[in-house]
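Quick one: the structure is below, and I'll ask about it shortly.
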4 protein chains.
Amino acid sequence: MTRVTQAHIDARKEDILDAAMGMFARKGVAGTTMQEIAGEAHLSAGAIYRYYPSKEDLLRAVCGVTVDHVREMFAQAAASAHSPLEAIDEVGRSAWSEFKSEGCQEHLILNLEATLAAARQLKELGAERREMLNAIIEMLGRLIRQAQAAEQIDDGVDSRALASLLLACHLGSGLLTIELEDDVDSDAILRVVTQMLHRLAPVANGDAGRT
Amino acid sequence: MTRVTQAHIDARKEDILDAAMGMFARKGVAGTTMQEIAGEAHLSAGAIYRYYPSKEDLLRAVCGVTVDHVREMFAQAAASAHSPLEAIDEVGRSAWSEFKSEGCQEHLILNLEATLAAARQLKELGAERREMLNAIIEMLGRLIRQAQAAEQIDDGVDSRALASLLLACHLGSGLLTIELEDDVDSDAILRVVTQMLHRLAPVANGDAGRT
Amino acid sequence: MTRVTQAHIDARKEDILDAAMGMFARKGVAGTTMQEIAGEAHLSAGAIYRYYPSKEDLLRAVCGVTVDHVREMFAQAAASAHSPLEAIDEVGRSAWSEFKSEGCQEHLILNLEATLAAARQLKELGAERREMLNAIIEMLGRLIRQAQAAEQIDDGVDSRALASLLLACHLGSGLLTIELEDDVDSDAILRVVTQMLHRLAPVANGDAGRT
Amino acid sequence: MTRVTQAHIDARKEDILDAAMGMFARKGVAGTTMQEIAGEAHLSAGAIYRYYPSKEDLLRAVCGVTVDHVREMFAQAAASAHSPLEAIDEVGRSAWSEFKSEGCQEHLILNLEATLAAARQLKELGAERREMLNAIIEMLGRLIRQAQAAEQIDDGVDSRALASLLLACHLGSGLLTIELEDDVDSDAILRVVTQMLHRLAPVANGDAGRT
DNA sequence: TATGAATGAGCGTTCATTCAT
DNA sequence: AATGAATGAACGCTCATTCAT
């Protein structure tokens, strides 16, 4: 009846997860050994297997954290709304703010690893991610439709396409941040996104949608 | 009878490169063995080393091809211009058309692998990619500035930021295509991008840039 | 309150032994983990080591039980004798009855494991088993010699060889039972053994031993 | 086009097989590492996998050799017949002669390992062995029935049971040889077997089968 | 030049054993 | 006495790379 609290077990799982996230981001999933993760988590190699039955399960857990993180971020931002368009702006600000956070580079890379893993080995993770992305697109689409109802955005705009575009902008900015680091001014990019969004307001002689 | 023309050598290198590209995209860099590449290229395992001194060198070459491919695509599209704005539209059309091509999923994934490799092991490749991306951004920025001079785009827009944004849209759309496959309508996204771009035209009472 | 009676300790040892016997028979010695044995014995992994200092010691104990079991079986059967030949028959019946018992397959396999272990790592166990087998052979030999004295078996028969043969028949039948399961009719085999044994009675013109 | 003849490949497979047979017999299947086998076969650890895809496959091959060996031995002996009873004697002599051969102990132990492996992991091997044993029993049964037709053995004897018994005697003698080594006189055992067999001849007033 | 057998370091994983509680 | 988390050596197996042919 040794006293091993659930809290202790959770703390260990967290340690391992953190270690794995760091290593996966830094050296890649394939480039990271279980020994390294164990070392980073101050454990022996074998101990990990008490908490995660395999490297793949650990990867799954790591990716799950990424998914949760993204989903949460978008959900929170969307909640703090005033007018629909302001809500979208707020989501953008919130999403873009992660490019300024400490360790953002690692987070972004980890997300890429997750994308690759989902696209190849981890089919179930792929489904989870698909769900998450679709949820984000739908949430943005809803806001856009509200903005259209409030005459802040032209009715001629395909709301789902615009939502996808906004998400793509964010993802793409992340990619650019990974590749160009300080050569990319993500704030400036967000500013232009906002600018363009506001230009989508309906015009007097309704010619929007003309391509 | 040392009749080994340079052409023959180049052809072999090409074979190996093609095989490696396919396998890397399909199974990942770490998940691909040299044997598999050799088999795909109709060679023995050892023969590859006559053309590429290591797997990493091969990866470098593969990533280089990716870089060249992207650079070329953008350059070609930019050349076929009429008015500046049309040129940008054309670049978009051209860039987005790759999402419709056969094996696009694999190409996109390979590009992601390259990004990750560059961000980690292959520092020189990172520089090369940075150069390429900056070149694209500058090219787009130039077009945008021309469009501004031609009063097709409002002067209040940060041309480099807009250029970065357009690139990010493209990269992000690729990411979405990887993750959502047929759930994403890249054509519709491009249509909205174009729409927004055209809305950036200067307005009568010059209030552009208001954010 | 150190109330740990010897009875309690013995009971635990017995639990562990039973668990180990079951698992070793079912999954093999190498295929069984200490954790599994502990679980089966309703103990934690570490607790076993209070009773048996190592897996090998546990194996030794398990094999010892096997030895005891066999020795006992033969001894009991031999005791319930009437005429010498009947005693041999009775030993046979008793020995063969184990092929009908529940879990016989597992018992037989465990015995094989013990044989192999004795032949390799566990030299002392080997000596113990040798002793046991020799004891059986001698006991049977004695019965045979008594039967010869009682003119139930021809004097020309080598009593020790016949004893060994009878034991070999039993061991071999066990082997066949393991391999052929229901394809072998052990009752029929015993019947023939008995038949042959009775045919060894002295004949009028004493030509026994002619080979 | 390196000249690697099939003969060379076969020789290597043979080397590995021999090494594995020796080690498995000496240290047990579980107690033998692939490194050890490789060392014994004068190869590196990895090289084995070119010839056998896994340890289990190697075990299968080793067991297959055992099966082939036994089957062959019985078949050859049965062929060199004169009268039916003599044929049976000949089979016995041949079968028992292996107890005198060099490395017989190892062979016998290996056979036991095969039995255990077949009874547990290697179900298909189990089927193969079952087939082999049944074939032997049937062959012996046929000889016995011929001997009955030739009035060398009493009709009242169950031919299949006697055949099984003879096989069991052989297997059991092997087991005794493993356990008792020089304490068992296998020649004497065979002599008694033969003796008993000859005593099964029909008697004038046909009372055979009385049990 | 090309082959492919061989190497051997290193991987993910298991498990007998220890020991703080 | 009992627990079960932790250890760490060792296993089966893979694969980038080498080299005799």
Side-chain angles (χ1 to χ4, degrees), chain A residues 1-5 8-9 12 30-38 41-58, chain B residues 1-4 8-9 12 30-39 42-59, chain C residues 1-5 8-9 12 30-39 42-58, chain D residues 1-5 8-9 12 30-38 41-58:
Chain A
M1 291 166 194
T2 312
R3 200 92 339 241
V4 185
T5 58
H8 178 257
I9 289 177
R12 276 286 175 281
T32 300
T33 72
M34 294 301 268
Q35 302 272 355
E36 284 170 325
I37 295 170
H42 304 292
L43 277 167
S44 69
I48 292 184
Y49 291 86
R50 183 172 294 279
Y51 301 97
Y52 297 94
S54 73
K55 193 183 188 184
E56 181 168 323
D57 280 86
L58 185 49
Chain B
M1 50 180 84
T2 321
R3 183 59 49 86
V4 192
H8 179 256
I9 290 179
R12 278 284 174 281
T32 300
T33 70
M34 293 300 267
Q35 302 274 354
E36 285 170 325
I37 295 170
H42 304 293
L43 273 164
S44 69
I48 291 182
Y49 289 83
R50 198 163 281 282
Y51 300 98
Y52 297 94
S54 75
K55 194 184 187 185
E56 183 168 319
D57 281 272
L58 187 48
L59 173 59
Chain C
M1 52 182 80
T2 322
R3 183 60 47 88
V4 193
T5 61
H8 179 256
I9 291 178
R12 280 283 175 280
T32 300
T33 72
M34 294 300 267
Q35 302 274 355
E36 284 169 327
I37 295 170
H42 304 292
L43 274 164
S44 68
I48 291 183
Y49 288 83
R50 198 164 281 282
Y51 301 98
Y52 297 93
S54 74
K55 193 183 186 185
E56 183 168 318
D57 282 272
L58 187 48
Chain D
M1 290 165 194
T2 312
R3 200 90 341 236
V4 185
T5 58
H8 178 258
I9 291 176
R12 277 286 175 280
T32 300
T33 71
M34 293 301 269
Q35 302 270 356
E36 285 170 325
I37 296 171
H42 305 292
L43 276 167
S44 68
I48 292 183
Y49 292 86
R50 182 173 294 279
Y51 301 97
Y52 298 94
S54 73
K55 193 184 188 184
E56 182 168 323
D57 281 86
L58 185 49

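Chain identifiers are assigned alphabetically (A, B, ...) following the order of the sequence lines, protein sequences preceding nucleic acid strands; residue numbering begins at 1 within each chain.
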Determine whether a donor-acceptor pair (N or O, by modelled atom type, separation under 3.5 Å) exists between the side chain of C/K55 and the backbone of C/T33. no
Provide the Watson-Crick or G-U wobble partner of E/dA9, both distances under 3.5 Å; none if there is no partner. F/dT14
F/dT21 pairs with which nucleotide, Watson-Crick or G-U wobble, both distances below 3.5 Å? E/dA2
To the nearest Å, how far apart are C/E56 CD and E/dT17 C1'? 14 Å
With sugar-phosphate meaning primed atoms plus P, OP1 and OP2, does A/Y51 contact a base, only sugar-phosphate, or nothing at under 4.0 Å between heavy atoms?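 Here A/Y51 touches the backbone only, sparing every base.
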Rounded off to whole Å, could you give me the CD-to-C1' distance for the C/E36 and E/dC15 pair?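 C/E36 atom CD is separated from E/dC15 atom C1' by 10 Å.
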Residue mapping more 5' on DNA chain E - nearest nucleotide basis, B/S44 or A/K55: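 The residue closer to the strand's 5' end, by nearest nucleotide, is B/S44.
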For D/L43, report the nucleic acid contact type (base, sugar-phosphate, nothing); a contact means any heavy atom under 4.0 Å. sugar-phosphate
Taking CD1 from A/I48 and P from E/dC15, how many angstroms apart are they, rounded to a whole number? 17 Å
Between B/R50 and C/G31, which residue's closest nucleotide on DNA chain E lies nearer the 5′ terminus?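 The residue whose closest nucleotide sits nearer the 5' end is B/R50.
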Rounded distance in Å - CD (D/Q35) to C1' (F/dA9): 14 Å
A/Y49 OH to E/dA16 C1': how many Å, rounded?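 One finds 18 Å between C1' of E/dA16 and OH of A/Y49, rounded.
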Let me know the distance between CE of A/M34 and P of E/dT13, rounded to the nearest Å. 6 Å
To the nearest angstrom, the NE2-C1' distance between D/H8 and F/dA20 comes to 11 Å
Could you state the NE2-P distance from A/H42 to F/dG8, rounded to the nearest angstrom?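 Between P of F/dG8 and NE2 of A/H42: 15 Å.
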